[in-house]
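Presented below is the structure to which this report refers.
Each ligand, and each atom within it, is numbered from 1 in the order the structure gives. The figures that follow rest on heavy atoms only: side chains count, while hydrogens, waters and symmetry mates do not.
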Amino acid sequence: TGAVGQGEQGWKMSGSKRVAVIPGDGIGPEVVRSALEVLDAAGADFERIFLDIGCGRWQRTGQAMSDEDLAAVKECDCILFGAISTPPDPNYRSVLLRLRKGLDLYANIRPFRGSGLDFIIVRENTEGLYSGLEEVGVEESRTLRVVTRRGSERIAEKACDLATGRRRLTIVHKSNVLRSDRLFLEVCRSVAARRALDCEDMLVDAAAYNLVVNPDRFDVLVTTNLFGDILSDEAAGVIGSLGLCASANVGPAKALFEPIHGSAPDIAGKGIANPVGAIRSGAMMMQWLGEPQMAERIEKAVEAALAGGARTPDLGGQCRTEDITQAVLREMGGQN
Ligand code: IPM
Ligand code: MG
């Protein structure tokens with residue numbers, strides 16, 4: 001199987017929670033290592049099941065993730081994920097998409113904090129243009145965009161949970177062109193009304209523009225799968241760097257936590273990847289595991305380290321991955 005041993009480097013193995021750790025390819029292992037160091041320092045107590053899944057595995061064995069791996073993942077409470085490269089194989093099915101679908105991780109929650117901004121994109125994660133329903137031809141290819149009432153309802157509920165006590169909920173759609181988005185909009189509006197939450201809606205092109213010229217006006221955005229994918233990379237640029245951003249892919253029973261940057265093969269192994277996205281993903285994981293104070297403590301330490309000038313090259317600085325990790329650890333030590 002893909003299990004490559006547990007408790008590497010003497011990391012703690014006790015605790016009742018089981019976390020599948022998938023470092024993956026490129027900078028994935030480097031940033032996951034940082035995240036685990038920070039989690040250790042915060043006193044996080046969970047069993048780690050390391051799984052060798054990804055492009056490297058595919059190159060060695062012809063398979064990126066086996067059925068046994070998926071079964072092993074299902075035995076865990078949640079997943080801490082680094083990044084996985086896409087192998088140059090036309091028949092390859094994205095591991096990340098298989099995990100999202102296989103574990104029904106329907107809500108992709110992406111908080112954006114930085115440059116004085118603080119907003120969340122809540123992205124539907126299992127349907128839309130990622131339906132996988134495709135017809136591929138030489139002269140014509142089609143991808144079916146699927147919007148269901150149930151899918152829209154549950155993502156709207158999740159967005160309303162997150163918007164409760166915050167400023168504003170914005171439903172992002174393209175219902176002037178896509179009839180599938182009329183359903184999405186209608187369902188999101190009625191869920192918000194039932195929850196007595198004020199909401200507005202915005203066409204996706206206008207949202208893309210406003211994210212650049214007036215990002216401050218946003219608070220919680222809820223949208224369909226591909227729009228959320230695109231807007232979240234844009235949002236990362238607006239707050240400063242993809243390297244700062246974390247995400248939680250949440251389902252009814254399981255969850256997967258990953259930095260939203262990819263495997264970045266160009267800088268892999270150089271020790272200069274920004275670990276903040278992975279560290280924040282670890283914090284989101286602790287929140288999901290029922291340790292909100294621990295999550296808060298990590299986030300505060302990250303913010304203090306950044307405010308103190310800890311910056312990797314993606315932010316125009318010269319720090320190395322390890323410098324950022326140490327800065328965060330120092331800030332955690334200085335808390336209390
Ligand atoms: C993301 C990524 C993925 C997506 C890819 C790697 C399949 O871009 O998590 O945003 O499109 O969802
Ligand atoms: Mg993306």
Can a donor-acceptor pair be found between the side chains of Tyr130 and Asp229 at a distance below 3.5 Å?
yes

Run the numbers on Phe81 and Asn249 for side-chain contact (heavy atoms from CB on, under 4.5 Å), then give the verdict.
CA-CA 10 Å; Phe81 186 97; Asn249 295 253; over 6 Å; no

With the criterion set at N/O pairs under 3.5 Å, what does the list of contacts between the protein and ligand 1 look like, atom names and distances included?
residue	atom	partner	partner atom	Å
ligand 1	8 (O)	Asp229	OD1	3.2
ligand 1	9 (O)	Arg100	NH2	2.7
ligand 1	9 (O)	Arg110	NH2	2.8
ligand 1	10 (O)	Arg110	NH1	3.2
ligand 1	10 (O)	Arg110	NH2	3.0
ligand 1	10 (O)	Arg123	NH1	3.3
ligand 1	10 (O)	Asp229	OD1	2.8
ligand 1	11 (O)	Tyr130	OH	2.6
ligand 1	12 (O)	Arg100	NH1	2.7
ligand 1	12 (O)	Arg123	NH1	3.3
ligand 1	12 (O)	Arg123	NH2	2.7

After noting the C-alpha distance and the side-chain angles of Arg57 and Asp25, does the key distance pass the salt bridge (Lys or Arg N to Asp or Glu O under 4.0 Å) rule?
CA-CA 9 Å; Arg57 161 88 173 280; Asp25 307 304; over 6 Å; no

State, without any angle test, whether Arg110 and Ser232 hold a side-chain donor-acceptor pair at a distance under 3.5 Å.
yes

List the steps and the verdict of side-chain hydrogen bond (donor to acceptor under 3.5 Å, both in side chains) for Thr224 and Arg145.
CA-CA 10 Å; Thr224 50; Arg145 186 177 198 268; 3.1 Å; yes

Leu129 and Asn225: CA distance, side-chain angles, deciding distance, side-chain contact (heavy atoms from CB on, under 4.5 Å) verdict:
CA-CA 7 Å; Leu129 270 166; Asn225 209 338; over 6 Å; no

Are there more than 12 heavy atoms of other residues, nucleotides or ligands under 6.0 Å from atom CG of Asp198?
no

Atoms of the protein (N/O/S only) found under 2.8 Å from the Mg ion (ligand 2)
Asp229 OD1

Check whether any side-chain N or O of Asp40 sits under 3.5 Å from a backbone N or O of Glu37 as a donor-acceptor pair, and report yes or no.
no

Report yes or no: is the cationic atom of Arg48 (NZ for Lys, CZ for Arg) closer than 6.0 Å to the six-membered ring centre of Phe50, at no more than 45° off its axis?
no

